[in-house]
Protein chains: 2
Amino acid sequence: MTVSNVINDRPHVRPATRERVLEAMARLDYRVNVAARNLRKGRTGTIGLAVPEVNSAYYGRLAAALVAAAARHGLRVSIEQTGARREDELAALTLSRNRLYDGLILATVGMGPADAGLLRVDHPVVILGERIFGGPVDHVAMPNVEASAAATRHLVERGCRRVAILCGELRDEVDVSGLRHSGYRQALQAAGLAAGPELVQCLPSLTMDAGARRVRAMVADGLDFDGLFCVTDTVATGALRGLADAGVRVPGQVRVIGFDNVDTSAFLVPSLSTVDPDHDLMAERAVALLAARIGRTGPPAEQVEFVSGYSLVIRESTA
Amino acid sequence: MTVSNVINDRPHVRPATRERVLEAMARLDYRVNVAARNLRKGRTGTIGLAVPEVNSAYYGRLAAALVAAAARHGLRVSIEQTGARREDELAALTLSRNRLYDGLILATVGMGPADAGLLRVDHPVVILGERIFGGPVDHVAMPNVEASAAATRHLVERGCRRVAILCGELRDEVDVSGLRHSGYRQALQAAGLAAGPELVQCLPSLTMDAGARRVRAMVADGLDFDGLFCVTDTVATGALRGLADAGVRVPGQVRVIGFDNVDTSAFLVPSLSTVDPDHDLMAERAVALLAARIGRTGPPAEQVEFVSGYSLVIRESTA
DNA sequence: TTGTAGGCGTTATCAG
DNA sequence: CTGATAACGCCTACAA
């Protein structure tokens, strides 16, 4: 159709004809039907993003970066909230397989290493996070262990000798809590410091509220600690509040460091030292990997595993 | 096709036949093609959500609620980040008109009352926010003026006599800053208090950083104020930080109140008093309105204008 | 440079 | 209860 050529800005259309077409389109208030185009092309121009919750400092930040990166690649992003539930994560995979999306960026939180086989799908998927390390798909991760060790080391260098950690339940070694806890443990060991079990405080959920409650309890119980590594800034925010409630001075009596470098962290009182994992780079890489697979024809490319860098951001809470 | 009947769980299929179909589907690893279904049905099952930025405490919270509400209505949500730019907001409208989405929830921030005519489109749109009050579409808003007046009144009742406001540029009367500023002004007037121009502090952007800087400058300039109404919690968070930097005690010397009841507000030190506009209700209504229009055949329904309720959350910053 | 034919995968309609 | 047929709107290939 000549009309199609006009719509898609293709050459070989005489200016006069193009005008005539444009005029008719205007007159009829014509709109392309994207659904029909999608069917014909076998592409939708949309990728799925499955995260536990967009209303979280961390995933919100990441989602914003991913949407922006996708826009740069000419892709739209449809968001699926999985609530960190395994079945909802699998549901997102299914939708994607049904060609609703050209590809999927999946934050695996509920799924575990045992589910790696389910990822062996015939269409583009990029995993965000580390729970399914070494699975048969592209993978974008953070240097959790190294960065956590660096954060812990920082506390030690500032003179802390009794460093506690606030993490989630330690179910296995491959989730955020597991990895960051192991970095913490390595750093203490390397420094020749004890990491007694009383210093490892596992929360039922990684929320501000849980962090605040637990810290108050720790102080009330007379637990002896002078450093606190929180596995996320969200938990750290709660912890700072809890310490204030308990009348503990930060950094005077206890130094605190978080992980994620969430926007508010710089504005807390005291401002929160933290690990910055370069969200924008992670987002760009994730989208770039996906876009490459989407565009690809012929034999599938090798799986890529990208680990972002990190930097320590030192603020008042460890001054 | 009998196959179609099986896939869609329709009656009038003999069990034996159903089994045969299911078996074949499993054997062939068959997947429905959503693009084809969309074309045929004239629906995509997806609605668009156009907001300035998902990585903002307020829009992130709202987006999460909207995605959840949409899921309850059997709809997916595709996110468009407009950066509060008028042209990007219009672009979202166009995509929606192209039947990429069944409907659109649009936070008009860049568009103004002059653009109301552009909203006269023939397909479902719900406007979020108030910049295009009274336009030809459904509309979900907050009681900005009343709630701001209540917040200001609260400061006055706690004894503040010199109440300042931190808002954005006052370009017109219909954006967030304009409306909340006018509530502030009404409350002061009703209380018989002066609202000198020096108390109205307009920021270049509603960010934590801008809030912190401005507050430091206000104190450094020796501005006399004992109450501070911030038009968003984000700005208030920065303001609390700025006051701490300047050595001003909250609520001792200055009482502070925000607007939005963002998650972190309860955990700041001091915790932030604020206005809670019931995001979940707004989200539910917005999606319900859109879903009703999508499902509707026949003559278009009347435009609905829903204004959420609000509640004052009193915390330490105004104790 | 323009136009014609056909098919992408699904489902509504209606006949068997 | 099952199946044949046509059409949703677009684009690629090819023909004129």
Side-chain angles (χ1 to χ4, degrees), chain A residues 1-46 48 74-76 78 94-103 121-124 294-298, chain B residues 1-46 48 74-76 78 94-103 121-124 294-298:
Chain A
M1 203 85 104
T2 297
V3 174
S4 181
N5 286 329
V6 172
I7 291 175
N8 296 289
D9 262 333
R10 266 190 281 266
H12 307 310
V13 178
R14 214 188 327 158
T17 316
R18 152 170 280 117
E19 280 316 314
R20 264 199 320 140
V21 171
L22 290 175
E23 185 277 327
M25 279 172 47
R27 185 159 42 78
L28 301 172
D29 194 35
Y30 168 86
R31 313 277 159 196
V32 287
N33 180 319
V34 182
R37 180 180 283 175
N38 287 345
L39 173 59
R40 175 65 232 236
K41 291 198 159 178
R43 294 263 182 92
T44 65
T46 298
L75 294 164
R76 279 174 299 279
S78 191
T94 300
L95 281 180
S96 174
R97 193 159 38 200
N98 288 357
R99 299 161 172 285
L100 175 62
Y101 305 135
D102 291 344
V121 294
D122 54 356
H123 79 127
I294 290 171
R296 188 172 195 85
T297 53
Chain B
M1 203 81 103
T2 297
V3 174
S4 181
N5 287 327
V6 172
I7 291 173
N8 295 288
D9 262 334
R10 268 190 278 265
H12 307 310
V13 177
R14 215 192 326 161
T17 317
R18 154 168 279 116
E19 279 317 312
R20 264 201 319 142
V21 171
L22 291 175
E23 183 278 327
M25 279 172 48
R27 185 158 41 78
L28 300 172
D29 194 35
Y30 167 86
R31 312 275 159 200
V32 289
N33 180 321
V34 182
R37 177 178 287 174
N38 288 346
L39 172 59
R40 179 62 231 227
K41 292 202 156 176
R43 296 265 182 90
T44 66
T46 299
L75 294 164
R76 279 174 298 280
S78 190
T94 300
L95 281 179
S96 174
R97 194 158 38 201
N98 287 357
R99 299 161 175 285
L100 175 61
Y101 307 134
D102 291 344
V121 295
D122 55 355
H123 79 128
I294 291 172
R296 186 169 195 87
T297 53

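To find a chain, count down the sequence lines: A is the first, B the second, and so on, and within it residues start at 1. Any value given below was found using the heavy atoms of this structure, including those in side chains, with hydrogens, waters and symmetry copies removed. What you are looking at is a predicted structure, and each value in this text was computed from that prediction instead of being measured.
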*Ignoring backbone atoms, establish whether B:S4 has a side-chain N or O less than 4.0 Å from OP1 or OP2 of C:dT11.*
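Answer is yes, contact under 4.0 Å.
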
*Quick one: on DNA chain D, does B:K41 or B:A16 contact a more 5' nucleotide (nearest heavy atom)?*
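Comparing both residues, the 5'-ward one is B:A16.
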
*asked:* Which is more 5' along DNA chain D, the nucleotide nearest B:A36 or the one nearest B:H12? Just name the residue.
replied: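 Looking at the nearest nucleotide for each, B:H12 comes out on the 5' side.
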
*Residues in side-chain hydrogen bond (donor to acceptor under 3.5 Å, both in side chains) with B:N38, at least two apart?*
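side-chain hydrogen bond (donor to acceptor under 3.5 Å, both in side chains) check on B:N38 returns nothing, list empty.
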
*Could you list the residues that satisfy side-chain hydrogen bond (donor to acceptor under 3.5 Å, both in side chains) with A:N8, not counting sequence neighbours?*
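side-chain hydrogen bond (donor to acceptor under 3.5 Å, both in side chains) list for A:N8, sorted by chain: A:S4.
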
Whole angstrom is fine here: how far is it from [atom1] in [X] over to [atom2] in [N]?
X     : N      : atom1 : atom2 : value
B:R40 : C:dA12 : CZ    : P     : 6 Å
B:R10 : D:dT2  : CZ    : P     : 14 Å
B:N5  : C:dT10 : CG    : P     : 14 Å
A:L39 : D:dC8  : CG    : C1'   : 9 Å
A:R20 : C:dG3  : CZ    : C1'   : 12 Å
B:I7  : C:dT10 : CD1   : C1'   : 9 Å
B:D9  : C:dT11 : CG    : P     : 12 Å

_Qualifying salt bridge (charged side-chain N to carboxylate O under 4.0 Å, His left out) pairs with a residue from residues 30-41 of chain A, counting only residues at least two apart or across chains_ =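 Counting only pairs at least two positions apart or across chains, the salt bridge (charged side-chain N to carboxylate O under 4.0 Å, His left out) contacts touching residues 30-41 of chain A are A:D29-A:R31.
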
*Is there a donor N/O on one and an acceptor N/O on the other, under 3.5 Å, for the side chain of A:R37 and the base of D:dC10?*
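No, no donor-acceptor pair under 3.5 Å.
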
*Given C:dG9, D:dG9, D:dT2, which nucleotide is nearest the side-chain atoms of B:V13?*
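Selected nucleotide: D:dT2.
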
*Of the nucleotides D:dC1, C:dT1, D:dC11, which one has an atom closest to the side chain of A:R14?*
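Nearest listed nucleotide: C:dT1.
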
*Counterpart residues, salt bridge (Lys or Arg N to Asp or Glu O under 4.0 Å), relative to B:R10 (two or more places apart)*: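 In terms of salt bridge (Lys or Arg N to Asp or Glu O under 4.0 Å), with neighbours along the sequence ignored, B:R10 is linked to no residue.
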
_Under the side-chain contact (heavy atoms from CB on, under 4.5 Å) test against B:V13, which residue among B:N5, B:V3, B:V21 passes?_
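Filter result, single survivor: B:N5.
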
*Please list residues of residues 22-33 of chain A whose heavy atoms come under 4.0 Å from any atom in DNA chain D, ordered by number; otherwise none.*
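A:Y30, A:R31, A:V32, A:N33 - these, ordered by number, are the residues of the stretch whose heavy atoms sit under 4.0 Å from the strand.
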
*Considering residues at least two apart in sequence or located in another chain, which fulfil the side chain to side chain contact (heavy atoms under 4.5 Å, CB included) criterion with A:R76?*
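Result, side chain to side chain contact (heavy atoms under 4.5 Å, CB included) vs A:R76: A:T46, B:S78, B:E80, B:L95, B:L100, B:Y101.
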
*Which distance, rounded to the nearest 0.5 Å, do you find between the CG of A:L75 and the CZ of A:R43?*
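Separation between the atoms: 9.0 Å.
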
*Remember a base hit wins even if backbone is also touched, and classify A:N8 as base, sugar-phosphate or nothing at under 4.0 Å, heavy atoms.*
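Counting heavy atoms under 4.0 Å across all strands, the contact made by A:N8 is with sugar-phosphate only.
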
